[in-house]
Structure formats: C-alpha cells, structure tokens
Amino acid sequence: MTGSSPTSSPRNSYYTLPNEWDFADERLALLGAAYDPESIALAQRLGVGAGWRCLEAGAGGGSFARWLCSATLPGGRVLALDADPRHLTDLPDRGGEVAQIDLVADELPEGAFDFVHTRFVLLHIAHRDIVLQRLVRALAPGGVLLLEEGDGLGVRNEMPGAFGEVWRAFGRSTETAGADQAWARNLPTHLDALGLVDVHADAQIPVFRGGSPMARMWNLTWAQVRETLVALGVSHKVIATAQAELQDEQRWFYAPPTVRAWARAPRKP
Ligand SMILES: C[S@@+](CC[C@H](N)C(=O)[O-])C[C@H]1O[C@@H](n2cnc3c(N)ncnc32)[C@H](O)[C@@H]1O
C-alpha cells in the first residue's frame, strides 16, 4: 500500500469538487448529514459491527468512517483513505487509520477487509473499472462490498426550474472531467461479472425540502462550481435563483438517484 501523511498535497487534480476548497468541510458534513442515515441503516442490515475490518474508500469528510469506528472498534479495523484526506485528521483519535491513497494509481491491501464501502466516489473516477477490481481484491473471503453511487437515471432531464438547469450543467461539467452519470445503474452487472455472490441493488431518489441538509449541500456545491457553470453558459442570475430556491423551506426538490449495490466475495471452498 502506498500511503502518505494527510498533509501531503492532493493528487486527484481531475476531481471537480476538491477537498481543499474553503467550505469543503462544511459541504462534506452536509453530505454526511443527508446520506449517512440510509448508509448506516444498510450497513447495519448487512451485519457491519464489532470486530469488522473496514475500508472506507474516498472517505471525504469522514462522517461514515467515524460511524464505522464507533460500530467496529475496538477489535476491528477502520482504514479511511482519500486522495486528499485533509478532513480526516481526527480519525486516529477514534482508533481509525488514515491514508492518502489515489485509488487509480495506488495499490490496496488484498484480502484484508470484511467490509469495503464507497459513496459518490467511483462515478467521478474515469478509471472506475480498474478501481472497482481493486476494491473487490481488497475483500477478505466472505467480505461485503457496498457501493453507493449517483446516477442521473430517469431524473436528470425531469428536474424542473433553476435547480434542474443548474444540475444538468453541473452533471455535464463532471462528465467533462471524467465522471459518468450513467454508470452506477449497471453496478449489479459489474459485480456479477467480477465473481461476487449474493448481489443486490436498489436505487433511491432523494426528495428534500429547501433549507434541509441536502438543499444546503447543493447550495454550497453551486457556490464551489460557480465559475465552471458560468463557463458552460449558466447565467449568474439562474445560479442565484437556484440558490435562493434551495433556501426556501416551502419548496421541495428531487435529485438524481443513488444506486446502491452490495455483494459478497465468495468464501474459499
Ligand atoms: C463526493 S466526495 C464523497 C465523500 C464521502 N464518500 C461521502 O459520501 O461523504 C468524493 C471523495 O472521493 C475522493 N476521491 C476522488 N477521486 C479519488 C481517487 N482517485 N482516489 C481517492 N479518493 C478520491 C475525493 O477526494 C472526495 O473526498
């Protein structure tokens, strides 16, 4: 494994929402507040608990890795990696390990984890198929892989108003940088092909109120990518309208689904 200190400079320069942005920690905390309850409930259903050895890949703000520490330690292991792990510095105090690892360029420990998880990571990485194979190899026999990735499936062109207009431009900008907003829908097929067993999947469309953590997360996202959106032809006025709407507690929104796929590595015969 190639690891280095959390203070080293990030290497995933193609990622469109870099963790070094001034408000990235706030944005990632809102992402965690919006998505952790479902992620945690599913991980608990899959049996994640005391003594499990866990890999959180692309840990971002670290909220899910913090929950893994509380659920599996002492006795287990939590390795939280990110190409830019600057928001994970508290994890060692909780018993977790932090590594600066680029999932495309660096190797992972093989056969080492009972649970491997990503959320909103693989869709952004152009070489996602190589990374997926690496994550599968990191599983111990019988280990569980849980992938939660965004996909425009069925919703991308349906989202109304300024939010929809801005979201579609944002989606295009991520794809220019190597993301694929139509990849996650095929996750169960990929997991079958990689020889995993007990493959399951679902997709969930977030429906959320203005002012909620999800709405505040998107609001900050538009702030982070404002110049990119303007370069793509979205006016400052439309961006400001979308941001004002996201603060309006009388409004409801929906966003592209999260595809969640989970499966097990076969046990040795
Ligand atoms: C949208 S954030 C999601 C963070 C976290 N998984 C969550 O759901 O709260 C994506 C994270 O993946 C990381 N990332 C992107 N490309 C990466 C790569 N090639 N190797 C490792 N981490 C990467 C980013 O630095 C960022 O922290």
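What you see is a predicted model, and the numbers here were worked out from it, not measured in a lab. First listed ligand is number 1; within each ligand, the first listed atom is number 1. For the numbers below, each heavy atom of this structure counts, side chains included, while hydrogens, waters and symmetry mates do not.
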**Asked** Relative to each other, are the rings of Trp183 and His190 parallel, tilted or perpendicular (30° and 60° limits)?
**Response** parallel

**Item:** Under 4.0 Å to a heavy atom of Asp102 - the qualifying atoms of ligand 1, by number
**Value:** 18 (C), 19 (N), 20 (N)

**Prompt:** When rounded to the nearest 0.5 angstrom, what distance separates CG in Leu147 from CZ in Arg128?
**Reply:** 12.5 Å

**Message:** Restricting to non-hydrogen atoms, name the atom on Asp114 and the atom on Ala140 that form the minimum distance, rounded to 0.1 Å.
**Reply:** OD1-CB, 4.3 Å

**Prompt:** For Asn19 and ligand 1, does the shortest N/O to N/O distance drop below 3.5 Å?
**Reply:** yes

**Greater than 12 external heavy atoms within 6.0 Å of His200's NE2** = yes

**Message:** Would Phe120 count as being in polar contact with ligand 1, using the rule that some N or O on each side must be under 3.5 angstrom apart?
**Reply:** no

**Request:** List every atom of ligand 1 that sits less than 4.0 Å from any heavy atom of Leu103, numbering the atoms from 1 in the order shown and giving each element.
**Result:** 18 (C), 19 (N), 20 (N), 21 (C)

**Prompt:** Can you tell me if Ile101 has a non-hydrogen atom under 4.0 Å from ligand 1?
**Reply:** yes

**Item:** Ring geometry between Phe163 and Trp218 (parallel below 30°, tilted from 30 to 60°, perpendicular above 60°)
**Value:** perpendicular

**Asked** Shortest non-hydrogen contact from Arg27 to Met217?
**Response** O-CG, 3.8 Å

**Request:** Write down the atom of Asp82, the atom of Gly60, and the distance for their closest heavy-atom approach.
**Result:** OD2-N, 2.9 Å

**Request:** State if Ala59 counts as touching ligand 1 under the rule of any non-hydrogen atom under 4.0 Å.
**Result:** yes

**Message:** Out of the candidates Arg45, Glu148, His117, only one should pair with Trp262 under the side chain to side chain contact (heavy atoms under 4.5 Å, CB included) rule; please name it.
**Reply:** Arg45

**Message:** Ala83 versus ligand 1: do any nitrogen or oxygen atoms come within less than 3.5 Å of each other?
**Reply:** yes

**Prompt:** Looking only at non-hydrogen atoms, which of Arg119, Glu56, Arg27, Glu149 approaches atom 7 (C) of ligand 1 most closely?
**Reply:** Arg119

**Request:** Identify which of Asp82, Leu81, Leu123 has a heavy atom lying nearest to atom 25 (O) of ligand 1.
**Result:** Asp82

**Message:** Below a 4.0 angstrom heavy-atom separation, can you tell me which part of Leu31, side chain or backbone, both or neither, approaches ligand 1?
**Reply:** side chain

**Asked** In terms of atom number and element, which parts of ligand 1 are under 4.0 angstrom from non-hydrogen atoms of Ile125?
**Response** 16 (N), 17 (C), 18 (C), 19 (N)

